[in-house]
Participant: 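Can you keep this structure in mind? I'll have questions shortly.
Each ligand, and each atom within it, is numbered from 1 in the order the structure gives.
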Amino acid sequence: MKQKIQIGLCGLGTVGSGVVRILQDHQEQIRYKLGCEVEVAKVLVKNKEKKREYIKDASILTMEASDITDNPDIDIVVEVMGGMEDTYQLMERSIRNRKHIVTANKDLMAEHGDKLFALSQEYDTDIYYEASVAGGIPILRSLSDGLASDKIEKVMGIVNGTTNFILTKMTDENLSFETVLKEAQALGFAEADPTSDVEGLDAARKMTLLANLAFKMPVAYSDVQVAGITSVSQEDIEFAGKLGYIVKLIGIAAIDDGKVEVSVEPTLLPEAHPLAQVKNEFNAVYVYGHAVGETMFYGPGAGGLPTATAVVSDLMEVIKNIRLGVSGKAYVQPQYKTALKDNTEKHAKYFIRVEAEDQTGAFHAVTNVFAGQDVSFAKILQLPHSKSKTAEVVMVTHKHSKQQIENSIQQLEQLSVVKRVISCYRVDGED
Ligand SMILES: NC(=O)C1=CN([C@@H]2O[C@H](COP(=O)(O)OP(=O)(O)OC[C@H]3O[C@@H](n4cnc5c(N)ncnc54)[C@H](OP(=O)(O)O)[C@@H]3O)[C@@H](O)[C@H]2O)C=CC1
Ligand SMILES: N[C@@H](CC=O)C(=O)O
Ligand code: NA
């Protein structure tokens with residue numbers, strides 16, 4: 001039985017530095033729980049000359065991936081460098097050399113996880129990826145272990161810290177999108193390319209991983225309907241506030257009669273809803289189980305140390321499996337065939353803003369379009385448009401299919417009295 005487990009750490013940035021810090025600061029507790037030493041034998045970086053705060057022996061730094069993937073002394077590869085193709089090759093080579101993987105790379109796991117899991121099964125190795133979803137919140141472990149006995153019906157939440165940070169500051173401090181995005185990047189929350197955050201792609205990859213785990217069904221990243229927050233304006237936030245709502249980027253994965261829908265989009269939540277009160281880079285995930293009912297998981301979704309706690313906890317799990325001789329046994333194959341809802345089977349309430357001519361019959365023409373699609377309203381108000389001589393009609397519909405709403409929007413845009421459909425966002429968290 002090995003008394004020292006050697007780690008190859010790929011990446012020493014926001015998360016990688018956090019991993020080194022936790023392994024140093026918590027070494028005694030980790031050694032006690034595992035019954036062995038854990039040593040970072042090699043660290044892969046892009047630029048060896050960069051100053052490193054937590055590395056005592058610079059000789060462990062390398063710019064050659066093969067110093068890790070082909071190193072016979074390294075048992076576990078911790079991948080916290082991001083990237084896709086090159087990183088996939090690195091992980092593939094490591095698995096073929098019978099090394100276990102711990103990763104925070106939700107892009108890679110959402111798009112290529114099926115291939116990596118198949119390979120890890122072939123070589124009896126583990127792949128753990130808790131840090132990929134909701135940062136430090138142990139949501140994947142809760143779904144696969146804590147709620148293993150239940151039938152999960154819905155997973156809904158805030159799973160991107162950067163966009164939640166932006167929407168919080170836009171709402172509470174009236175700051176601009178651009179200003180707050182820069183602050184999120186400076187704090188290390190955002191992806192290398194923050195488009196992934198603000199266009200909802202990061203959240204969509206995380207919802208893909210959550211849906212696969214929750215519904216035991218292969219759901220592809222391409223199956224997720226995605227909209228980001230770049231279209232959300234201060235006026236949207238203000239109008240939502242007038243109607244008692246807060247705007248959040250919400251991921252939803254739900255299953256009904258064996259069919260699944262997965263989406264990420266700006267969503268209006270009642271101010272009193274717990275998710276509406278999740279601020280800054282924090283994440284929160286509701287999990288609805290058939291037997292357990294409603295559960296909620298809350299914590300930091302981004303940031304070096306919080307994310308690194310998930311990475312190191314996975315590392316400890318892999319080491320426990322090595323010492324128990326059960327490596328490669330954690331992964332469970334999908335149980336059900338993929339079955340997705342179409343737009344006539346997805347139902348929600350919608351918040352819609354329309355700019356129309358301020359003239360007799362315009363309001364009637366607008367509401368007539370919805371009547372034609374059998375869409376009714378829970379709330380509706382008409383105000384003079386803030387910047388022009390037109391009128392603004394703001395509506396919250398009752399629960400209708402996405403198809404009915406899309407048909408209505410399409411017809412509105414054909415009306416001569418409608419200048420433009422300003423915005424259309426889902427409303428959730430209320431009957
Ligand atoms: N930041 C966060 O809050 C969270 C991040 N993640 C995920 O964790 C991963 C890392 O994120 P983060 O730490 O923020 O990223 P950073 O950009 O802060 O760090 C990336 C690290 O990887 C190294 N690196 C990048 N590309 C290469 C390469 N081709 N070869 C060698 N080294 C490379 C960099 O080297 P060098 O230091 O020399 O530049 C750097 O040390 C990503 O997959 C991200 O999605 C997941 C959850 C939360
Ligand atoms: N950029 C991501 C980092 C964690 O996954 C986020 O903002 O949530
Ligand atoms: Na997590």
Participant: Which bit of Glu130 is near ligand 1, meaning a heavy atom under 4.0 Å away: side chain, backbone, both or neither?
Facilitator: neither
Participant: Under 4.0 Å from ligand 1, counting heavy atoms only, is it the side chain of Lys50, its backbone, both or neither?
Facilitator: side chain
Participant: List ligand 2 atoms under 4.0 Å from Phe189, heavy atoms only on the residue side.
Facilitator: 1 (N), 2 (C), 3 (C), 6 (C), 7 (O)
Participant: Do Lys154 and Asp428 sit within salt-bridge range, that is, some charged N less than 4.0 Å from a carboxylate O?
Facilitator: yes
Participant: Are Glu191 and Ser196 close enough that a side-chain donor and a side-chain acceptor fall under 3.5 Å?
Facilitator: no
Participant: What are the protein N/O/S atoms, named by residue and atom, that sit under 3.0 Å from the Na ion (ligand 3)?
Facilitator: Glu130 O, Glu130 OE2, Val133 O, Gly135 O, Ile137 O
Participant: Report yes if Ala302 has an N/O atom closer than 3.5 Å to an N/O atom of ligand 2; otherwise report no.
Facilitator: no
Participant: For a 4.5 angstrom cut-off between non-hydrogen side-chain atoms, does Val45 reach Lys48?
Facilitator: yes
Participant: Can you report which non-hydrogen protein atom sits closest to atom 2 (C) of ligand 2, along with the distance?
Facilitator: Glu191 OE2, 3.2 Å
Participant: Heavy atom under 4.0 Å from ligand 2: found in Glu281's side chain, backbone, both, or neither?
Facilitator: neither
Participant: Could you see which bit of Val15 sits under 4.0 Å from ligand 1, with heavy atoms only: side chain, backbone, both or neither?
Facilitator: both
Participant: Side chain, backbone, both or neither: which part of Ala192 has a heavy atom under 4.0 Å from ligand 1?
Facilitator: neither
Participant: Specify side chain, backbone, both or neither for Glu191, according to which of its non-hydrogen atoms lie closer than 4.0 Å to ligand 1.
Facilitator: side chain
Participant: Give yes or no for whether the N/O distance cutoff of 3.5 Å, strictly under, is met between Ala190 and ligand 2.
Facilitator: no
Participant: Using heavy atoms and a 4.0 Å limit, tell me yes or no: is Gly301 in contact with ligand 2?
Facilitator: yes
